[in-house]
Protein chains: 2
Amino acid sequence: MYETPQPSGRDPFLRRIETVALFRLTDAERAALATIPMQVAQFEPNQDIIREGDRPSRSFALLSGIACTYKSTRAGKRQVMSYHVPGDVPDFQSLFLEVLDINIATVSACRLGFVQHDAVRAMLRAHPRLNEVFWRATLIDAAMVREWMLNTGRREAYARMAHLFCELVTRLGAVGLAPDLTCDLPMTQPELADALGITSVHVNRTVRDLRAAGLIALRGRRLTVNDWAGLQEAAEFDPTYLHLRDAETR
Amino acid sequence: MYETPQPSGRDPFLRRIETVALFRLTDAERAALATIPMQVAQFEPNQDIIREGDRPSRSFALLSGIACTYKSTRAGKRQVMSYHVPGDVPDFQSLFLEVLDINIATVSACRLGFVQHDAVRAMLRAHPRLNEVFWRATLIDAAMVREWMLNTGRREAYARMAHLFCELVTRLGAVGLAPDLTCDLPMTQPELADALGITSVHVNRTVRDLRAAGLIALRGRRLTVNDWAGLQEAAEFDPTYLHLRDAETR
DNA sequence: CGCCAAGTTGACGGGCTTCAAACTGTGTGG
DNA sequence: CCACACAGTTTGAAGCCCGTCAACTTGGCG
């Protein structure tokens with residue numbers, strides 16, 4: 001199941017950390033990130049990575065693919081809290097909270113880089129400035145959840161879906177995965193429904209409406225934004241909450 | 001506007017920190033928290049404390065009263081992300097993210113203790129273990145937002161309101177403000193609507209239903225839970241995500 | 001080719017919104 | 001002490017967004 005860790009495999013992770021940092025990393029800091037022991041594993045689509053109630057002893061970086069954080073009601077209804085793109089460290093929180101309150105699952109096939117908590121703690125002790133960087137990354141994740149909550153609470157399905165597409169294209173674009181406003185969208189419509197807080201039937205109708213408005217094209221598993229300004233307008237999308245550098249915001 | 005900081009005034013804050021810590025604080029750590037320069041200010045109900053777009057140079061602890069974090073759509077619809085109880089440090093994130101993506105406002109009259117970012121940073125450098133405690137507090141806040149999102153996305157108004165009341169009574173109870181399952185509920189029904197993601201008209205009907213089911217009493221600005229087990233059941237409330245000690249969970 | 005999951009569409013119903021009006025309750029000023 | 005104002009609460013009626021149920025179509029894959 002586990003490959004030999006290849007330095008090159010963790011590039012998305014390194015790039016992400018450099019993006020989030022407000023300062024230039026020193027060679028020593030970069031080396032610490034590049035050499036921290038990491039077990040790389042390949043996961044199938046729609047596989048749980050960690051589950052609510054787990055007490056993990058390691059965190060992981062998403063090296064390729066798309067994953068999601070979700071919670072479920074007793075009745076089995078899922079709510080996706082956020083999607084994760086390559087470079088993200090979705091369960092950094094497990095470093096400080098023993099019991100997980102969320103599930104994290106793959107959406108597409110994913111490559112994951114697992115790192116022991118002890119190793120992370122040692123790295124943060126040795127390089128205190130990296131502490132701040134991980135703080136920022138975690139707080140940005142929290143900001144995305146809040147923006148997403150404004151969506152589900154106060155916008156209707158049409159704007160909500162437009163907003164999700166805006167965010168995904170922007171975030172994937174920031175890691176080079178959305179050239180020409182086109183990206184893979186590995187989730188099915190029932191899965192999208194779990195993110196949007198609506199039913200798959202209504203997802204379908206809403207996709208149809210966005211298509212009819214000329215804002216997007218969605219065929220197979222590929223999403224293309226045909227009218228970026230229009231989509232942003234429909235979504236009231238303002239990427240400030242993503243805390244990206246200007247260059248990375250379209 | 002500013003009072004002389006009284007050591008006693010920050011008790012809720014100190015108690016909260018000790019609750020969140022997984023270890024016993026040393027006298028030095030306790031002293032650092034007790035003597036960090038804090039400007040105490042009294043705020044009226046429904047006053048913004050900080051606004052989206054601000055670049056604050058200080059954070060604050062909520063010493064008394066109830067506050068809330070919210071965001072708004074362009075159309076002016078508000079979504080309350082979370083409520084804050086005495087002892088909370090709602091905008092700790094401003095220590096690491098320059099531009100705020102949220103608004104924080106008082107709900108009732110509040111006493112706030114403002115602390116300069118520089119002072120916090122110095123304290124965390126001098127007492128590294130406190131770093132971990134603030135991490136935990138911030139991650140718990142994020143967990144509450146996610147639980148709240150499961151609510152708005154996947155539960156209907158009745159369960160949603162039951163859940164909000166369960167959470168408030170539990171959190172207020174943990175700081176001694178909900179004896180006998182009774183607490184102040186300073187928000188009006190239109191304000192509750194902003195938290196629940198529904199209209200004030202529907203809030204009213206839902207309160208009526210919870211009352212008719214014998215679960216709660218709500219008169220004036222006081223909430224009493226008449227059937228704690230029943231309310232928990234209706235809400236599917238499981239306080240694990242609050243990460244309280246067992247003793248503080250009912 | 002045939003299977004099966006996903007996508008698509010229609011009809012109907014329900015939860016919630018919207019609009020409107022009446023009813024509190026509390027504070028204020030004459 | 002009462003009249004008045006005003007904000008919050010409560011209730012009704014009509015309609016819309018979205019859910020539910022069901023059927024049919026499309027597309028990927030062995």
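Per chain, numbering begins at 1; letters A, B, ... match sequence-line order.
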Q.
Working note: L168(A) + L185(A), criterion side-chain contact (heavy atoms from CB on, under 4.5 Å); need CA distance, chi angles, decisive distance, verdict.
A. CA-CA 9 Å; L168(A) 282 177; L185(A) 202 75; 3.8 Å; yes
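Both R221(A) and R154(A) lie near DNA chain C, and the one whose nearest nucleotide falls closer to the 5' end is R221(A). Comparing G220(B) and K77(A) along DNA chain D, the residue whose closest nucleotide (by nearest heavy atom) sits nearer the 5' end is G220(B).
Taking 3.5 Å as the limit, the base of dT20(D) and the side chain of R205(A) contain a donor-acceptor pair of atoms between them.
In this structure, the CG atom of D194(B) is 16 Å from the C1' atom of dC16(C), given to the nearest Å. Following rounding to the nearest Å, Q189(A) (CD) and dA5(C) (P) show an atom-to-atom distance of 16 Å. Rounded to an integer number of Å, the gap from NE2 of H202(B) to C1' of dG15(D) is 15 Å. If you measure from atom CG of N204(A) to atom C1' of dC17(D), you get 16 Å, rounded to the nearest angstrom. The distance between atom CG of L218(B) and atom C1' of dT9(D), rounded to the nearest whole Å, is 11 Å. Between the C1' atom of dC17(D) and the CZ atom of R160(A) lies a distance of 10 Å, rounded to the nearest Å. For the pair D209(A) CG and dT8(C) P, the computed distance is 12 Å after rounding to whole Å. The CG-P distance, from N46(B) to dA7(D), rounds to 12 Å in whole Å.
Within the structure, a side-chain polar atom (N or O) of R211(A) is placed less than 4.0 Å from OP1 or OP2 of dT8(C). In this model, the phosphate group of dG12(D) is not approached by any side-chain N or O of R208(B) to a distance below 4.0 Å at OP1 or OP2.
For the pair E147(B) and R155(B), the salt-bridge criterion is met [side-chain N within less than 4.0 Å of a carboxylate O]. A salt bridge does not link R51(A) to D54(A): none of the charged side-chain nitrogens sits closer than 4.0 Å to a carboxylate oxygen. Using a 4.0 Å cut-off between charged side-chain N and carboxylate O, E156(A) and R160(A) make no salt bridge.
The listed nucleotides are dC16(C), dT18(C), dA22(D); the one nearest the side chain of V201(B) is dT18(C). Residue T199(B) has its side chain nearest to dT18(C) when only dC18(D), dG15(C), dT18(C) are considered.
Across all non-hydrogen atoms, the minimal contact from I66(A) to S108(A) is N-OG, 2.9 Å.
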